[in-house]
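Reviewing the structure listed below.
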Amino acid sequence: MTLDRPLQSFPGIGPAKAKALQKLGLTAAGDLLGYYPRAYEDRTQIYPITSAPTEEAGCVCALVAETPRVSRVRAGLTLTKCRIVDGSGAAEVTFFNQDYVRRALVVGESYIFYGRMELLGRKRQLTNPVFEREDRARFTGRIMPVYPLTAGVSNNLLASLALQSVEGCADQVPDELPPAVREKHQLCTAEFACRNVHFPADQEALAVARRRLVFEELFTLSCGMAFLRRRRTDAQGRAFPKRRLDEFLALLPFPPTGAQRRAMEEISADLAQPRPMNRLIQGDVGSGKTAVAAFAAWLAHAGGFQSALMAPTEILARQHYETLTKLLAPAGVRVGLLTGGMRAAEKKAAQAALAAGEYDLMVGTHALLSEGAVYQNLGLVITDEQHRFGVGQRSALASKAEVPPHVLVMSATPIPRTLALLIYGDLDVTVIDELPPGRTAVETFLVGEDKRARMYNFVRKQVSEGRQVYMICPAVEEGAQDGEGEPPGLLPNPAAELKAVTAYAKELSEAVFPDLRVAFVHGKLKPKDKSLVMSAFAHGEIDILVSTTVVEVGVDVPNANLMVIENAERFGLSQLHQLRGRVGRGKWQSYCVLVSANRSPETRERLKYFTQTTDGFKIAEKDLELRGPGDFFGQRQHGLPTLRAADLAGDTRVLKEAQEAANELLETDPELDWPGHRPLMGKVRRLFAEEGDIFN
Ligand code: ADP
Ligand code: MG
């Protein structure tokens with residue numbers, strides 16, 4: 001067998017099965033070898049019936065002592081039962097709706113059963129166990145792989161194909177790691193890794209195999225990121241003439257914090273270089289990133305270049321447009337706005353003006369990437385809240401310029417250090433680790449339903465003192481299963497009734513606060529209506545804004561000092577932190593109240609943790625620990641290639657080792673064009689293939 005043998009030529013695989021397998025990206029034997037199990041079942045140990053574990057699944061080897069009997073319990077439910085015996089005793093096996101068992105289990109034959117033994121009084125019972133004839137056992141008596149599945153593809157099918165592929169061609173899997181790297185880091189061969197990741201000889205062999213695959217993947221990724229980084233530092237860009245920082249600071253309504261000043265100085269130095277800047281400004285919510293972005297745009301304008309600032313939401317784009325116009329218009333910077341939600345005529349006019357060079361700074365949403373957006377001499381590209389854009393979108397905007405522009409990325413997501421280097425491996429990072437003065441930490445409380453009346457009184461008190469309040473709900477509509485606020489990876493709590501924006505706003509304005517000005521906003525509103533409500537709130541014309549998480553990113557209304565979050569259990573920690581960042585922006589003591597009726601100890605602990613810390617980095621670490629990186633960044637939103645073997649949260653030690661190894665190798669062979677390194681280069685290209693042609 002060779003690696004390219006089509007799966008369709010395997011016994012038992014017809015066109016339908018082949019098609020289902022294709023959905024998983026599996027067409028040839030080699031694909032299966034690269035399709036790693038997501039978990040394993042330890043079916044090595046065979047127990048006597050009477051000492052089989054009752055807490056977890058285990059194997060027993062027993063004789064079928066009677067012909068299985070099928071009984072119909074009711075329409076759609078049949079039971080198949082029989083007794084099995086071994087030297088230690090007997091047990092009953094029961095199958096639900098698996099009538100074929102009657103013929104599959106032959107009386108007098110010996111089988112291995114894998115399942116969890118239940119004790120019912122003195123009787124022992126196995127329900128729906130996996131079984132195989134003892135003399136033909138393939139998937140018992142060993143560590144069994146558990147693969148990610150899809151409709152029409154069972155785990156046994158995949159395991160069977162994997163077993164045939166491993167036996168047929170594991171020895172042909174190319175070893176793409178340079179031998180010197182493999183030896184130095186004590187990694188097993190590709191063949192050993194392949195065999196043991198699918199069918200581990202024992203737990204130790206599995207660990208050795210996994211280590212090699214994880215290392216290999218992170219090593220490849222690190223090489224790719226290093227290429228990206230170098231390609232940029234080699235590229236020709238345009239240098240902007242230096243300007244005195246004081247000139248810009250005179251435009252600001254406040255003195256900058258030390259961290260803001262540092263960031264501006266770094267940007268100023270970057271922009272004076274004839275190679276494109278690629279800098280990430282990472283600053284916690286409210287740390288004042290907008291002023292830093294304004295500085296960069298101001299410098300570009302002073303140098304005679306256009307800038308574009310892309311925000312992930314309509315609300316945020318409009319808000320930036322207003323802030324930046326106020327700040328930069330006095331310096332002669334002409335600021336324009338282009339969003340998907342604008343009326344066609346408005347959009348056309350904005351595009352025409354942009355193309356005619358009538359704007360120096362174009363603020364907008366994804367619309368800035370559209371075909372209609374033509375730039376005159378784009379010299380600087382800024383993206384806000386980067387974690388919502390992938391690497392691809394960042395470069396799509398940059399490609400609108402004739403000469404590679406300077407790129408500034410702003411993110412409020414504090415990224416755990418272990419991940420920052422990997423994800424932003426192609427960026428230089430500035431951390432704004434200081435909040436503007438006079439901020440007091442937001443006080444955070446966790447309350448249950450019993451305190452609802454008191455919570456309402458507290459809302460009323462803030463409003464009576466002239467403040468404004470956000471009230472966040474997870475869902476848009478009544479009875480919604482999925483709200484905008486639903487964090488991926490957290491199971492919904494079926495017992496909790498979800499607060500829905502529209503109904504909740506109605507209840508609040510009619511029954512609870514009839515004398516106050518209550519309005520609502522959510523992602524499904526028309527962009528125009530959304531921005532009307534937001535601007536009314538910003539201008540103090542609304543007391544209570546009921547909202548989904550559309551206000552999560554960037555919205556800045558300093559007079560709002562209270563945020564109430566309903567069904568707080570539905571939100572991830574990082575998301576709660578973003579939401580809480582909407583308050584505490586003015587001179588008033590601010591509060592965040594989490595309302596949750598959820599009683600699960602894990603949820604309570606998570607929410608309690610949140611009330612006790614305001615450090616975004618700590619919260620991010622905790623979130624990562626609780627939910628893993630996939631959820632942390634949202635599916636693939638970080639723009640990294642998909643990883644098959646590595647788990648970024650769990651494999652940080654290997655990550656560091658792999659990164660160092662990659663840097664070391666690239667120092668000796670920067671282009672990976674030594675003959676012995678070409679397979680590795682091919683692997684790097686394949687890993688990044690989905691990301692478009694990053695190497696061109
Ligand atoms: P973020 O980093 O979350 O984008 P913003 O740029 O929106 O933060 O700034 C948050 C608030 O702090 C804004 O109201 C802004 O005007 C204010 N601000 C920013 N920098 C300073 C400063 N140095 N001194 C006082 N207020 C500041
Ligand atoms: Mg911001």
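For the single chain, residues carry numbers from 1 onward in sequence order. Atoms within each ligand, like the ligands themselves, are counted from 1 in listed order. Treat the numbers as computed from the prediction; the structure is a model and nothing was measured.
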Using a 4.0 Å heavy-atom cut-off, say whether R585 meets ligand 1 through its side chain, its backbone, both or neither.
side chain

F305-H406 aromatic ring centre distance below 6.0 Å
no

Side chain, backbone, both or neither: which part of M410 has a heavy atom under 4.0 Å from ligand 1?
neither

Looking at R275 and Q273, would you say the former's side chain and the latter's main chain have a donor-acceptor pair under 3.5 Å?
no

Does ligand 1 have any atom sitting under 4.0 Å from a heavy atom of G286?
yes

Taking N or O atoms only and a 3.5 Å limit, does P255 qualify as a polar contact for ligand 1?
yes

Do E569 and N567 have side chains that approach each other closer than 4.5 Å (heavy atoms only, starting at C-beta)?
yes

At a 4.0 Å threshold, what atoms of ligand 1 neighbour a non-hydrogen atom of T257?
23 (N)

How would you list, by chain and number, every residue that makes a side chain to side chain donor-acceptor pair (under 3.5 Å) with Y609, sequence neighbours excluded?
none

Looking at P256, which atoms of ligand 1 are within less than 4.0 Å of one of its heavy atoms?
23 (N)

What residue pairs, at least two apart or across chains, pass side chain to side chain donor-acceptor pair (under 3.5 Å) with a residue in residues 320-333?
H320-D384

Answer yes or no: are there more than 12 heavy-atom neighbours, outside E265 itself, under 6.0 Å from its atom CD?
yes

Option of least heavy-atom distance to atom 5 (P) of ligand 1 (set: T323, L252, T290)
T290

